[in-house]
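As structure tokens, the structure follows; a few thoughts come after it.
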Amino acid sequence: MANEKMISTIILTNGHEERLKSSIDSIINQDYPNKELIIVSTKSSEVLDECETNPMIKIHIKPELSGSKVRNFALNQAEGEYIFFIDPQDTLLNDQSFSQLYKDMEDNDSNFLSTAFITLRDGLFYFGEPQEDVDPITTDDYWFYFVKIREIRPIYGKLFGKEILNNLNVDIQSDQQFVRYLILNAKNPIFDKKESGKYVWFDTDERQSLDLDRNEIPIPKYLNDVSIEKDDIDECINIAICIDDNYCQHINPMVYSIEKNTRERVRIHIVYYKLKAESLENIIKLNELLTNVELKLCKVREYQYDWLSKFKENNLPTEAYFRLLLPELLPDVKRILYLDVDMLILDSLGELYRTDLGNNILGVVRDFPFTNDKNSWSYLLLGEVGDRYFNSGMLLMDLVAMRKNNIVRRFMEFILKTSQHYFLGDQDAFNIFFFYNVKILEDKYNYIAENQKILQKTNLKVVVMHYCGFSNPKPWLEYNDRSEYIQPAIRLYRKYQRKINKLISNDPKVLLVVQEQETRDFNNLDQVIESIDYQNYGNYEVAFIPLKENSNAEILKNDCPQFTIIKSKSDLEKMVGSADYLYYMKETSYFNEWDAISKLIDSAIEKAADYIIVSHQVFSMKHGNYQVRSESKKIIDISDKELGDLIIEKPIIFTQNEGFLVKKEILRKSIGQDMPDAAMHLRIFNNAERKYLYDKSLWTKVDFEN
């Protein structure tokens, strides 16, 4: 190791710290041979006097120096090619620490290394998760390191080349600014987290905090050279939505809400990479129904998709990044309003689309559930300006400015270098990269559904309702929060969903007949209501048959107005008369999937079936577990079977007298329209000619007894 470059270690001290001797000894005892120790103290002490005879140690008593002046003085005394700062309260982990840090620096062709800390508190060592590698620090992501990693912030624990200081032509006051300077001027700077680090940081209540000084380390200006010219805005409103097959099945309500509530001409660019035939067919059918809204397909090219696929540091699908490409994908569009799929448009978008962005590239809305909470991610990321953190589900984008300033390439390169630091995917990227280039718009233009629960208000003047948030209030998922504030917004979405799906599909009408049971478990009724309400099938009604006494039906008047409470046999006969199919269920049963009715009707039409019975699972209230039978997930023809034989073969399915879909004509042949008992079920089964078992659990029966 004789050829190793000299490391000059610097300790800045008052001479009387409790652990000063341990700190000095940890440097002296390093097996790295080519080293010196420079101690600059405001006072002399016994510990320092003992060190005077050691030729490796140079001691300077400078009571007149403080702050950056004592740091700069110490740097001028260093003779080594490398410099390392250690706090007088800290030590190195072992005698090989310098050798290992030097090797890691050389292996990475670097001249700046910040090592991970091991915390020592009350005599106990606290080791981090063992690591095997080092992380590069770039000019793009250094700020994220300062925000997220405490070890980056102090001057100690840094090994760096003295040559970096040759370009230092300004007086840097704070240590955090000094570290920032080192990183930005270093060659291949790294954060060394191998094993658990080599620096032992002694934690006491009296010690100065390692908190980030955001005034000294502000958010970088990644677009400080942007030029923006005032351009005319497109005559029609241009909107972009980005989809795959999964998202495509959810676009109908949002598109329909635009059609109904925006009076101006709208062009919606549907950005995709690959779509199945049924997804494309849905888009075509939807387009045919629209009058002032036009749908245009915009395909992402192979090389663009491959480019975006590199962003694999988080769980977002690649399709979520398609919006980054909009300036390139839509070269003739001047301005675009990007919208997430999980939205409803409740008023005209004209005013939003023509917002004057000033000298900004984006128009955005604060992510209120975050900005309202001082302990949330937005404040951890942005500090006091966490109230500016915006939701990227609605972006009003100046595409002309983005093309002129080559924003796509610059933004993509930024994400490639920083995405490992994100918590909320590319939303964090948008917030940091465009921080100085956004105009904050009114909350009504991206009103997150959860806001209503936070504010405890309903029926606000909202233009764009966004169904996102940590409680996951997706209207196509079961939402059992029962919030009096959020639930109306969810039901409004489902109302649009049923209307547009009915117009598109022209499906047969299904009457769900629900019979109240003896149980007084109101929570289960809520589950039944929710499982019906979130169905995406457009053409169904619900007939609720109450008990004669002690009925739960009153709950439905407030919670589910689309349910019809059956008060007489004639009420039910009237509803049956307008239906094509009937599906029977009880108050103790609920659907498992949002498209359960759609699947059953599709199967009935495909098989020309008179009767389809569905597999199910059983939840035991007594034991708190599910009983699930094996499923073939096939549609099985049982037309030549006897019900008695099927009861013996599959008793769980065929003894329930519910969970089956039947044509109205078969019901009429079977005499009677009440909820079927065993005898009536037998007549229905025998009168049906084409009968099938849908062998997949689409519903759950709640068992209150066994």
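We're numbering straight along the sequence, starting at 1.
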Just checking [X] against [Y], ring centres under 6.0 Å apart?
X      : Y      : answer
Trp377 : Phe423 : yes
His421 : Trp143 : no
Phe434 : Phe411 : yes

For atom [atom1] of [X], is the number of surrounding heavy atoms from other residues, nucleotides or ligands below 6.0 Å larger than 12?
X      : atom1 : value
Lys274 : NZ    : no
Glu278 : CD    : yes
Lys474 : NZ    : yes

Between [X] and [Y], does at least one N-O distance fall below 4.0 Å, as a salt bridge requires?
X      : Y      : result
Glu281 : Lys285 : yes
Glu151 : Lys193 : no
Arg491 : Glu530 : no
Glu593 : Lys696 : yes
Arg214 : Glu384 : no
Arg494 : Asp533 : yes
Asp443 : Arg366 : yes
Asp356 : Lys439 : no
Lys461 : Asp347 : yes

#### Entry: Ring-face cation of Lys221 near Tyr436 (centre distance under 6.0 Å, axis angle within 45°)
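Cation-pi check for Lys221 and Tyr436: passes.
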
### Distance under 6.0 Å and angle within 45° of ring axis: Arg150 vs Phe117
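Negative - Arg150 is either too far from the ring of Phe117 or too far off its axis.
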
#### Entry: side chain to side chain donor-acceptor pair (under 3.5 Å) involving Glu442 - partner list, sequence neighbours excluded
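Partners of Glu442 by the side chain to side chain donor-acceptor pair (under 3.5 Å) criterion come out as none, since no residue qualifies.
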
### Task
Give me the ring orientation class for Tyr422 and Phe414: parallel if the planes are under 30° apart, tilted from 30 to 60°, perpendicular past 60°.
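Because their plane-to-plane angle lies in the 30° to 60° range, the rings of Tyr422 and Phe414 count as tilted.
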
### Query
Any ring-ring contact (aromatic ring centres under 6.0 Å, His included) pairs touching residues 265-293, not counting sequence neighbours?
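Counting only pairs at least two positions apart or across chains, the ring-ring contact (aromatic ring centres under 6.0 Å, His included) contacts touching residues 265-293 are Tyr273-Tyr305.
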
#### Entry: Phe146: which of Ile137, Asp141, Asp213, Ile152 passes side-chain contact (heavy atoms from CB on, under 4.5 Å)
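Per the side-chain contact (heavy atoms from CB on, under 4.5 Å) rule, the option paired with Phe146 is Ile152, out of Ile137, Asp141, Asp213, Ile152.
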
### Task
Among Val438, Leu324, Ile415, find the one that has a side-chain contact (heavy atoms from CB on, under 4.5 Å) with Phe430.
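Running side-chain contact (heavy atoms from CB on, under 4.5 Å) over Val438, Leu324, Ile415 with Phe430 returns exactly one hit, Leu324.
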
### Results of side chain to side chain contact (heavy atoms under 4.5 Å, CB included) for Leu184 - residues two or more places apart only
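Side chain to side chain contact (heavy atoms under 4.5 Å, CB included) check on Leu184 returns Thr139, Tyr142, Arg180.
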
### Message
Let's go through Asn261 and Ser348 carefully: what are the C-alpha distance in whole Å and the side-chain angles of both, what is the deciding distance for side chain to side chain donor-acceptor pair (under 3.5 Å) to 0.1 Å, and is it a yes or a no?
### Response
CA-CA 5 Å; Asn261 297 308; Ser348 178; over 6 Å; no

### Task
Indicate yes or no: at least one non-hydrogen side-chain atom of Glu478 is less than 4.5 angstrom from one of Ser531.
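Side chain of Glu478 against side chain of Ser531, heavy atoms only: contact under 4.5 Å found.
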
### Query
Are side-chain heavy atoms of Asn188 and Phe112 found at a separation under 4.5 Å?
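No, every pair of side-chain atoms sits at 4.5 Å or beyond.
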
